[in-house]
Amino acid sequence: MVLPLGISFYTFQALSYTIDVYRGNAEAMANFIDFSCFVSMFPHLVAGPILKFSFLADQLKNRRLTSDKFARGVAFFMMGVAKKVLLANPCGKIADTAFDAGSIQTLDAWFGSFAYSFQIYFDFSGYSDMAIGLGLMFGFVFAKNFDSPYLAQSITDFWRRWHISLSTWLREYLYIPIGGNKGALSRTCANLIVTMLIGGLWHGASWNFVIWGGLHGGMLAFERSQGRKGVYHNLPKLVRIALTFLIVTIGWVFFRGGTLRGSVQYLGAMFHLNQPFPNAALIGGLIYKPYYVLSILTAGIVVWFGTQTWDWSQQMTWPKTATCFALGWVALIVLATQEYNPFIYFIF
Amino acid sequence: MRPSTEYRLLRRPTTQAPLPKYSLPRYADPTPSAAHRKLPREEEADLALKNTKFTPGTRQTLIALFLLTIVAVPLVQLVGEFRAAGSISRLPMISIFKSLPWLPHSEDLKRVERTLENESLVSQWLLPRVQYLLTVLLGAGNEQVYLGHDPWLFYRADVDHVIGPPFLDPVRMKHRLQASRVQPDPIKAIVDFRNQLAARGIDLVVLPVSVKPSVEGEMLAVSNANRTQASGALPNPSFNEFKARLEREKYACSILRGF
């Protein structure tokens, strides 16, 4: 079936408008052009962030376009392009080789799954940076969508940092209406699982996304049942971060796997439960190339030790301006040599 | 001088973010890295994005370089084409757009886009140089080729076929059918083709040939153990079944390097 680009984001935007107006959180728009502008605002249209109507309603009518905003938007945009082309795309090549293989050796499978974790983060946060940058160039302010998610110390913490516009949307318009935490602990846990299952299904009608949502919902419910300090609290911070990253990475296997059987086989390879085909011996020669190893190391450094674009671009100095354009131009030059490289979230 | 309220709000946190209070974040919650500001995410964004500090001159440079980035490629193209053609009306870039119908279809737009890419002077200058860097220095290969040792080149489609899932796997064939709406089983397709030719009095001889990476795999593998493993024949897992089924269909099959 042919569907318009970003259909689910359109739907979220329209729902946000309808519910906010129904609840009295915002006034209905009298001008259809303003409404269309809200629903189909191109900078964030195809892959988010999802904007809450009540936040944007005022900006649609009263906003100021300043050179400060435009210049900051440029910095965001160039860094977003660099994230996508210089980090997400090479990590994506590793992940594609690993996940599309018929069978794979254990070490290669882990390398491929870490590569996908980095790919999806830099792809999506790169897009969000570009959307925020483009928005700023037109005078709009969009809220942060990612906040160093791989520094999360629990799955609950992860969902405060990953695709924040989706997690807040799910809470506001789904979790709370179905009961939220108003009830026994078991009911709250069930609500969390249902919310995340539906959140998973939003990504696509496939068992893979249901399992991915179920895994996250189950972990949220489990952590909720353990109380505020949680089961990891006595572990060192580094272990908490590593453990959370590991759980998230395992979840991404279902997200990327394509089919349930493929995902289970891939997980089997990661935990050395399958005997790989002899031709899996070739995969190492394709993914441990200097370019890919360099990309994944840089991605790891940026993820765990880097500064977010928001903080980095808060004070624009000459060296930062030079870095911004050096990275952006290199990214555009590399992009010119590549074929079509869509963003992962374009399909949702 | 006492720092302003806004500046104090924008300072980096000195303490660790508090433990999450809710399982899913509220709109009123600050982001974890800005928890010290105690501002909703949207107000935090408003504050952060409207209070950028620029070293004198950087703001104008950012804007100017961005606009230059947008216009540079078409400008180079126009100047390059004008020098060659000598007249604006004969510029290839203009004629590419002139070839578009009034109501272009997606195919028309794709054709124009592809032509612009192919004719781009900047792209023609950049492509070999960037590919040299990526391939020779960083070993990345390109969209068509994987780089092996010494340096051997392997056609990407061949390698993907060899390391890919068994091509006769029923689940894979079902997906292939859904994706391309063609006969997904190569044996059935070959038999059908044979029958069509036979109706015209023509014999079909099929020669299954193993691709380069399946016979020269050691030139791709990295570790010694993998090179040893790859020094033998490494066909796609379905290749032997494919050959056996072809033989059952009474075809003349030549066999290469142990296949």
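Chain identifiers are assigned alphabetically (A, B, ...) following the order of the sequence lines, protein sequences preceding nucleic acid strands; residue numbering begins at 1 within each chain.
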Checking heavy atoms, do the side chain of [X], its backbone, both or neither come under 4.5 Å from chain B?
{"X": "A:Thr66", "answer": "neither"}
{"X": "A:Thr188", "answer": "neither"}
{"X": "A:Trp169", "answer": "both"}
{"X": "A:Lys93", "answer": "side chain"}
{"X": "A:Gln308", "answer": "side chain"}

How long is the gap from [atom1] on [X] to [atom2] on [Y], to the nearest 0.5 Å?
{"X": "B:Arg26", "Y": "A:Arg160", "atom1": "CZ", "atom2": "CZ", "answer": "10.0 Å"}
{"X": "B:Leu62", "Y": "A:Asp68", "atom1": "CG", "atom2": "CG", "answer": "10.5 Å"}
{"X": "A:Thr97", "Y": "B:Tyr146", "atom1": "OG1", "atom2": "OH", "answer": "4.0 Å"}

Could you go step by step and tell me if B:Leu65 and A:Met78 meet the side chain to side chain contact (heavy atoms under 4.5 Å, CB included) rule?
CA-CA 11 Å; B:Leu65 287 180; A:Met78 295 308 264; over 6 Å; no
Between A:Gly73, A:Ser167, A:Ala336, the one whose heavy-atom pairs under 4.5 Å with chain B are most numerous
A:Ser167
Most heavy-atom pairs under 4.5 angstrom with chain B, which of A:Thr168, A:Val141, A:Thr259?
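Answer, by heavy-atom pair count under 4.5 Å with chain B: A:Thr168.
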Passes side chain to side chain contact (heavy atoms under 4.5 Å, CB included), A:Leu286 versus B:Ile163? Steps please.
CA-CA 10 Å; A:Leu286 309 175; B:Ile163 64 170; 3.7 Å; yes
Is there a side-chain contact between A:Phe325 and B:Thr61 (heavy atoms, below 4.5 Å)?
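The answer is no, as the side chains (C-beta and beyond) never meet within the 4.5 Å cut-off.
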Pairwise side-chain contact, B:Leu49 with A:Ile132, heavy-atom cut-off 4.5 Å (strictly under):
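B:Leu49 vs A:Ile132: side chains touch.
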Partner set under ring pair (Phe, Tyr, Trp, His ring centres under 6.0 Å) for A:Tyr288, not counting sequence neighbours
A:Phe111
Can you name the residues that form a ring pair (Phe, Tyr, Trp, His ring centres under 6.0 Å) with A:Phe158, not counting sequence neighbours?
A:Trp162, A:His216
Taking only Lys NZ, Arg NE, NH1 and NH2, and the carboxylate oxygens of Asp or Glu, determine whether A:Arg171 and B:Asp29 approach each other closer than 4.0 Å.
no
Could you walk me through whether B:Leu24 and A:Leu220 satisfy the side chain to side chain contact (heavy atoms under 4.5 Å, CB included) test, starting with their C-alpha distance in whole Å, then the side-chain angles of each, then the deciding distance to 0.1 Å, before giving a yes or no?
CA-CA 9 Å; B:Leu24 287 168; A:Leu220 284 178; 4.0 Å; yes
Show the nearest heavy-atom pair for residues A:Thr317 and B:Thr58, with the distance to one decimal.
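Result for this residue pair: C-CG2, 3.6 Å.
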Going through the checks in order, is the side chain to side chain contact (heavy atoms under 4.5 Å, CB included) test met by A:Thr321 and B:Phe54?
CA-CA 10 Å; A:Thr321 304; B:Phe54 293 94; over 6 Å; no
Check A:Arg72, A:Gln315, A:Gln314 against B:Thr52 for a side-chain hydrogen bond (donor to acceptor under 3.5 Å, both in side chains) and give me the one that passes.
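The side-chain hydrogen bond (donor to acceptor under 3.5 Å, both in side chains) with B:Thr52 is passed solely by A:Arg72 among A:Arg72, A:Gln315, A:Gln314.
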Does A:Ser103 use its side chain to pair, donor to acceptor, with the backbone of B:Pro165 at less than 3.5 Å?
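No.
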